[in-house]
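Residue numbers run from 1 in the order of the sequence given. Given the structure is predicted, the values throughout are model-derived calculations rather than measurements.
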Amino acid sequence: PRSLCVDADLARARGYEPEDLMAVAEIAWHYLMSGGLKLALTLYEGLTAVAPEEAYFALALGLVHDRMNDPRQAQDWYQRASRLDPGDGRPDINRAELYLEAGDRAKALQLMARGAEKARRRGDDVLATKAEALLAHLSQRR
């Protein structure tokens, strides 16, 4: 995980240093990746409460909800992450995948294209390539 912009003043006012928050996020990420979804959920909820302007925490909380099969909450958190960091393509691509699962191909294609463009602009070639491959595949299956 990488920090985008922890609101240092707000976090410090609440008694947390940005480095401490990112250390907790690292632990939460390990729980998420190893299937400890409830622990990851609790940690990321705490992080979003302490640092509500940190896009990475919102994105990660969206992923937790996604893995917990709660697409509505996942969509909400991904959308929040996108608002907090409009140049990050990950929330759009994650939302596109949820729309695909729900059968809304048009919305999925729109978000996937937007996410790919953002990823390309940010220099995240791996993510852009993934999104562009999905777009190409979906375009062939009309």
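- Electrostatic pairing of Arg83 and Glu53 does not count as a salt bridge here, judged by no charged N lying under 4.0 Å from a carboxylate O.
- You'll find the side chain of Val64 stays beyond 4.5 Å of the side chain of Lys38, heavy atoms only.
- Taking every heavy atom of both residues into account, Leu111 and Ala96 meet most closely at CB-CB, 3.8 Å.
- Across Ala28 and Ala40, no two heavy atoms sit closer than the pair O-CB, 3.6 Å.
- The line from CE of Met112 to CG of Asn94 is 9.0 Å long, rounded to the nearest 0.5 Å.
- Under the 4.5 Å side-chain criterion, counting only non-hydrogen atoms from C-beta, Glu132 is in contact with Arg120.
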Could you walk me through whether Glu97 and Leu134 pass the side-chain contact (heavy atoms from CB on, under 4.5 Å) test, one step at a time? CA-CA 10 Å; Glu97 290 173 347; Leu134 285 169; 4.0 Å; yes

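- For the atom pair CD of Glu26 and CG of Leu21, the computed distance is 13.5 Å after rounding to the nearest 0.5 Å.
- With values rounded to the nearest 0.5 angstrom, Arg90 atom CZ is found 5.0 Å from Leu59 atom CG.
- Atom CZ of Arg95 is separated from atom CZ of Arg114 by 6.5 Å, given to the nearest 0.5 angstrom.
- Between the side chains of Asp92 and Tyr78, no donor N or O sits under 3.5 Å from an acceptor N or O.
- Remark: Arg122 engages Asp85 in a salt bridge, criterion side-chain N to carboxylate O under 4.0 Å.
- Within the model, atoms CG of Leu32 and CG of Leu43 stand 10.5 Å from one another, a figure rounded to the nearest 0.5 Å.
- Checking side-chain atoms of Lys118 against main-chain N and O of Pro86 turns up a donor-acceptor pair under 3.5 Å.
- In terms of heavy-atom proximity, Leu84 sits nearest to Ala55 at CB-CB, 3.7 Å.
- Residues Phe57 and Ala51 come closest through the heavy atom pair CE1-CB, 3.8 Å.
- Tyr56 contributes no side-chain N or O that, together with a main-chain N or O of Met22, makes up a donor-acceptor pair within less than 3.5 Å.
- Paired with His65 under the rule side chain to side chain contact (heavy atoms under 4.5 Å, CB included), one option of Leu98, Leu37, Asp76, Leu41 passes, and it is Leu41.
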Let me see the working for Asp88 and Asp124 under side-chain contact (heavy atoms from CB on, under 4.5 Å), right down to the final yes or no. CA-CA 9 Å; Asp88 189 355; Asp124 189 344; 5.8 Å; no

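- Arg80 contributes a side-chain N or O that, together with a main-chain N or O of Pro52, makes up a donor-acceptor pair within less than 3.5 Å.
- Here OH of Tyr44 is found 10.0 Å from CD1 of Ile27. Values are rounded to the nearest 0.5 Å.
- The two atoms that bring Asp66 and Ala74 nearest to each other are N-CB, 3.6 Å, heavy atoms only.
- In this structure, Gln75 and Tyr99 have side chains that are in contact, with non-hydrogen atoms separated by less than 4.5 Å.
- In terms of heavy atoms, Thr48 sits closest to Ala58 at CG2-N, 4.0 Å.
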